[in-house]
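In what follows, a structure is listed as structure tokens, so that the remarks can point back to it.
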Amino acid sequence: MVQKDGSVLWTLNPKPPDPGPNPKTGNKKTNKAVDKMVRVRFAPSPTGYLHIGGARTALFNYLFARHNNGKFILRIEDTDQERSTKESEAEILEALKWLGLDWDEGPGKSADDSMYYQTKRLPVYHKHIESLLASGKAYKCFCTKDELDAKRKAAESAKTGFKYDGTCAHLTPEQVKAKEDAKLPYTVRLKIPKDGETVVSDLVRGEVKVANATLDDIIIMRADGMPIYNFVVVVDDADMGITHVIRGEDHLSNTPKQIHIYNALGIPLPQFAHIPLILGADKSKLSKRHGEVSVLRYRDNGYLPQSVVNYLALLGWSPESEDTVFTMEQLIKIFSLERVHKSGAVFDNSKMMYINGVNIRSMQADELTGMCMPFLLKSGLVTEEQSKSDYEKIKHIVLLQQEKMKTLAELPELSAYFFRDEITMTDEAKKVWEKNSAERGRVLEVLKKIIEETGTDKAKVEERIRIDMEAAGLKSKVFMHVIRVTLSGTTMGPGLFDMIETLGREKCLARIAKAGA
RNA sequence: GCCGCUAUCGUCUAACGGUUAGGACACGGGGUUCUCAAUCCUGUAAUCAGAGUUCGAUUCUCUGUAGCGGUGCCA
């Protein structure tokens with residue numbers, strides 16, 4: 001429990017938060033929530049990068065907290081020591097910060113943040129496990145992994161569901177004593193009632209009922225002494241005073257088990273809200289095999305954080321209005337769990353790309369230029385030094401391309417001919433070049449003369465080109481296109497006279513010469 | 001196998017039990033334009049199936065089907 005002075009208390013909160021509306025009657029329509037301070041958490045395990053699905057869960061928690069003036073807490077679930085790494089933790093934090101999902105409590109937010117790392121709270125968990133053991137609500141299980149695997153396999157091949165048979169639940173005290181004396185390794189299992197049913201009252205799904213008979217005596221502590229997720233999540237949520245557990249639907253099936261842990265520990269339940277999963281194109285849970293799922297890769301691919309946030313918010317939730325583009329502030333204002341819906345959503349980034357384009361177009365010149373710079377540097381088009389000395393010129397180019405970009409990463413390719421000396425013609429451009437083979441010589445001749453005589457000032461060049469080309473009997477469609485491919489090597493780009501001006505006299509003349517005028 | 005969740009255009013979604021089932025993205029057509037983009041107009045496109053309740057069902061109930069999730073000494 002975090003104290004007012006920021007220090008951390010190590011024991012289970014003796015007086016946990018109000019559980020909210022009566023689970024019997026509380027459903028998503030009647031839940032007017034939140035008379036208590038809302039406290040929610042995002043609890044990633046540092047076993048990889050932050051992926052799109054995790055980010056969406058974090059976002060919903062964040063929006064719900066901010067909307068209700070509550071607290072958003074970050075906790076690192078690192079009890080899987082095999083797979084947890086500091087690198088992935090760092091990457092997850094970086095991704096959350098990039099998205100703008102800043103947490104109120106968690107790593108880096110207080111002098112002692114050990115409360116937010118589960119591996120640093122082992123004594124707390126052990127204390128609770130001891131007390132469950134002492135009260136007979138849990139028992140030691142001496143079955144080995146191999147034995148259990150064998151039984152599970154047998155059950156599978158017999159096409160029946162595997163359920164722990166309770167072998168060790170029926171051990172006599174003498175038998176237990178003997179095994180303890182023999183120093184046999186053991187796990188700890190929670191006793192779960194064999195009859196009755198458990199009801200999960202969910203803010204998104206209403207009441208979900210499960211017969212206790214279908215539940216196992218779940219393991220809450222491994223043989224090596226490390227407690228299991230389902231157990232620590234309950235203890236931690238209670239200690240942190242979490243009022244609303246908002247997480248992916250993949251946790252729904254675990255919730256009845258967790259409810260039994262809450263009950264065994266004597267802790268009131270928080271509100272649950274299980275949000276729909278994000279799916280790949282094949283409708284299974286989004287994962288690496290569906291392509292890019294790392295949040296930070298979207299940053300590297302030229303998406304703005306507000307675009308990712310905006311798109312993610314629209315997956316599984318919808319605003320009352322028919323708008324699609326929102327800032328984080330607007331989302332905070334209008335977000336509610338009531339409008340979260342139940343079915344999974346396929347991730348398809350064409351809409352995110354659209355949103356990104358809208359956001360890019362609405363950016364201010366200097367901000368946009370600053371965000372584009374890393375992409376120009378990475379492409380090699382611009383050196384570190386030029387990024388400063390040629391800043392105004394670069395900004396000008398960025399502005400010319402602003403309305404064409406869907407992602408920042410497209411800028412270098414779109415603009416290469418402004419920076420490089422050499423250009424190559426695209427296939428499309430070659431077609432234009434060939435198509436106008438009869439006139440192109442004359443076009444370039446006139447153009448050369450104009451640039452030599454008047455330079456590349458946009459207004460002056462435009463005026464002379466229009467007059468002189470006309471005088472030479474050339475149609476605008478023809479000379480415009482020929483000039484464009486000659487100067488840029490492509491058929492697409494900004495306005496022709498903007499292009500000439502930005503290219504400058506030298507590049508223009510060199511390219512005219514190269515084209516053989 | 002068992003348990004649970006879910007089901008509206010290709011995708012994201014909206015719709016007090018009464019709407020020509022709406023919007024957005026994507027896609028097609030057109031206007032504008034020196035190209036591309038942007039923008040404007042416009043078109044194609046959906047209630048999983050079957051019963052039941054009801055004057056009336058996308059909406060409520062049941063059954064089926066399908067998909068997904070869980071069923072770990074993972075989280």
Side-chain angles (χ1 to χ4, degrees), chain A residues 43-47 77-80 82-84 141 143-145 148-149 152 155-163 185-189 200 202 204-205 208-211 213-216 218-224 226-230 232-233 247-257 274 276-277 279 281-285 311 314-325 339 341-355 357 361 401-406 414 428-429 432 465 476-481 483-485 488 490-497 499:
Chain A
S45 63
T47 55
E77 309 229 318
D78 56 354
T79 54
D80 184 348
E82 305 261 311
R83 299 190 297 148
S84 295
C141 174
C143 297
T144 65
K145 213 170 193 172
L148 293 170
D149 284 348
R152 186 170 298 125
E156 252 168 50
S157 56
K159 290 230 171 195
T160 94
F162 172 76
K163 216 186 127 194
Y186 61 87
T187 61
V188 174
R189 286 183 187 269
V200 182
D202 191 280
V204 174
R205 277 148 225 286
V208 177
K209 302 185 176 103
V210 173
T214 64
L215 267 23
D216 265 26
I218 53 166
I219 292 178
I220 56 177
M221 190 185 82
R222 298 174 173 87
D224 66 2
M226 188 62 70
I228 290 290
Y229 163 77
N230 274 319
V232 293
V233 76
R247 65 202 345 177
E249 191 202 337
D250 48 346
H251 291 275
L252 184 57
S253 297
N254 283 324
T255 307
K257 298 172 190 172
H274 288 92
L277 260 20
L279 315 174
D282 64 355
K283 309 234 180 202
S284 67
K285 188 163 121 185
Y311 178 67
L314 263 14
L315 252 28
W317 171 85
S318 62
E320 281 184 65
S321 71
E322 289 190 330
D323 303 325
T324 34
V325 182
R339 291 192 69 84
H341 83 154
K342 301 176 187 173
S343 55
V346 174
F347 182 88
D348 166 25
N349 73 353
S350 64
K351 194 170 201 160
M352 187 162 78
M353 204 178 267
Y354 162 80
I355 292 170
R361 271 175 259 135
Q401 307 286 24
Q402 180 169 20
E403 64 179 12
K404 299 181 201 319
M405 285 188 275
K406 293 283 190 298
L414 246 28
E428 279 301 304
V432 172
I465 285 181
S476 71
K477 286 258 186 211
V478 172
F479 67 75
M480 290 279 194
H481 289 166
I483 294 173
R484 178 176 294 283
V485 299
S488 73
T490 131
T491 57
M492 326 182 272
L496 188 63
F497 308 105
M499 205 179 86

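First the proteins, then the strands, lettered A, B, ... as listed; each starts at 1.
For the C1' atoms, the distance linking B/G43 with B/U61 amounts to 39 Å, nearest Å. A gap of 10 Å separates the P atoms of B/C27 and B/A37, to the nearest Å. Only the P atoms considered, B/A49 is 47 Å distant from B/U35, to the nearest whole Å. B/U58 and B/U13: their C1' atoms are spaced 14 Å apart (whole Å). B/C36 sits 46 Å from B/U59 when the C1' atoms are compared, rounded to a whole Å. For the C1' atom pair drawn from B/U8 and B/A21, the interatomic distance equals 8 Å after rounding to whole Å. On the P atoms, B/U11 is 12 Å away from B/U47, given to the nearest whole Å. Across B/C60 and B/A7, the matching P atoms stand 9 Å from one another, rounded to whole Å.
Nearer to the 5' terminus of RNA chain B, by closest-nucleotide assignment, is the contact made by A/V346 (compared with the other of A/V346 and A/M221). For A/A43 and A/A211, each mapped to the nucleotide of RNA chain B holding its nearest heavy atom, the one lying further toward the 5' end belongs to A/A211.
In this structure, the NE2 atom of A/H274 is 13 Å from the P atom of B/U6, given to the nearest Å. Per the geometry, CG belonging to A/D323 stands 19 Å off P belonging to B/G22, to the nearest Å. As a whole-Å value, the separation of A/I220 CD1 from B/C74 P is 14 Å. Atom NZ of A/K342 and atom C1' of B/U13 are 16 Å apart (whole Å). Regarding A/L496, its CG atom lies at a distance of 6 Å from the C1' atom of B/C34, rounded to whole Å. Note: CD (A/E320) to P (B/U13) measures 17 Å, nearest angstrom. If you measure from atom CZ of A/R339 to atom P of B/G23, you get 16 Å, rounded to the nearest angstrom.
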If you restrict it to nitrogen or oxygen atoms, what contacts under 3.5 Å exist between nucleotides 44-49 of chain B and the protein, and what is each distance?
none

Taking N or O atoms only and anything under 3.5 Å, show me the protein contacts with nucleotides 66-70 of chain B, one pair per line.
| unit_1 | atom_1 | unit_2 | atom_2 | d |
| --- | --- | --- | --- | --- |
| B/G69 | OP1 | A/K285 | N | 3.2 |
| B/G69 | N2 | A/S253 | OG | 3.1 |
| B/G70 | OP1 | A/K285 | NZ | 3.4 |

Return the polar atom pairs (N/O with N/O) between nucleotides 24-33 of chain B and the protein under 3.5 Å, or none.
| unit_1 | atom_1 | unit_2 | atom_2 | d |
| --- | --- | --- | --- | --- |
| B/A24 | N3 | A/K351 | NZ | 3.0 |
| B/C25 | OP1 | A/Y354 | OH | 3.4 |
| B/C25 | O2' | A/S350 | OG | 3.4 |
| B/C25 | O2' | A/K351 | N | 3.4 |

Extract from the structure each pairing of a protein N or O with an N or O of nucleotides 62-64 of chain B at less than 3.5 Å, listing the distance.
none

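Between A/N230 atom CG and A/I219 atom CD1 the span is 11.0 Å, to the nearest 0.5 Å. Distance check: A/S488 OG to A/L496 CG gives 8.5 Å after rounding to the nearest 0.5 Å.
Between A/H251 and A/Y229, the angle of the ring planes lies from 30° to 60°, which puts this pair in the tilted group.
For A/R484, whose side chain is taken as the heavy atoms from C-beta onward, the closest listed nucleotide among B/C34, B/C5, B/C74 is B/C34. For A/D216, taking side-chain heavy atoms from C-beta onward, the closest of the listed nucleotides B/U35, B/G72, B/A7 is B/G72.
Not counting sequence neighbours, A/R361 has no partner by the salt bridge (charged side-chain N to carboxylate O under 4.0 Å, His left out) test. Applying the salt bridge (charged side-chain N to carboxylate O under 4.0 Å, His left out) rule to A/D224 yields no partners; only residues at least two apart in sequence or on another chain are considered. For A/A345, the side chain to side chain contact (heavy atoms under 4.5 Å, CB included) partners at least two apart in sequence or on another chain are A/L315. Residues satisfying the salt bridge (charged side-chain N to carboxylate O under 4.0 Å, His left out) criterion with A/D216, sequence neighbours excluded, are absent altogether. Checked against side chain to side chain contact (heavy atoms under 4.5 Å, CB included), A/V432 has the following partners two or more places apart in sequence or in another chain: A/N436, A/H481, A/V485, A/T491. Under the salt bridge (charged side-chain N to carboxylate O under 4.0 Å, His left out) criterion, A/K145 pairs with no residue at all, not counting sequence neighbours. Residues passing the ring pair (Phe, Tyr, Trp, His ring centres under 6.0 Å) test with A/F497, sequence neighbours excluded: none. Taking A/D78 as the reference, A/P46, A/I76, A/S84, A/Y117, A/Q118, A/T119 meet the side chain to side chain contact (heavy atoms under 4.5 Å, CB included) condition, with sequence neighbours excluded.
In this structure, B/U20 makes no Watson-Crick or G-U wobble pair, since no nucleotide meets both defining distances under 3.5 angstrom.
Put simply, A/R247 has no side-chain N or O that comes within less than 4.0 Å of OP1 or OP2 on B/A75. Distances shorter than 4.0 Å separate some side-chain N or O of A/H341 from OP1 or OP2 on B/A14. The phosphate of B/C73 has OP1 or OP2 within less than 4.0 Å of a side-chain N or O from A/R152. For A/K477 and B/U35, the shortest distance from a side-chain N or O to OP1 or OP2 is below 4.0 Å.
Side chain of A/D323 to backbone of A/V325: no donor-acceptor contact under 3.5 angstrom is found. Side-chain N or O atoms of A/R339 include one that pairs as donor or acceptor with a backbone N or O of A/S318 at under 3.5 Å.
In this structure, the side chains of A/P319 and A/L314 come closer than 4.5 Å at one or more pairs of heavy atoms.
At the heavy-atom level, A/G316 lies under 4.0 Å from the strands shown only through sugar-phosphate atoms.
With A/R247 as reference, A/T255 is the one residue of A/T255, A/N254, A/L252 to meet the side chain to side chain contact (heavy atoms under 4.5 Å, CB included) rule.
Checked against the 6.0 Å centroid criterion, the rings of A/Y311 and A/F347 qualify as a close aromatic pair.
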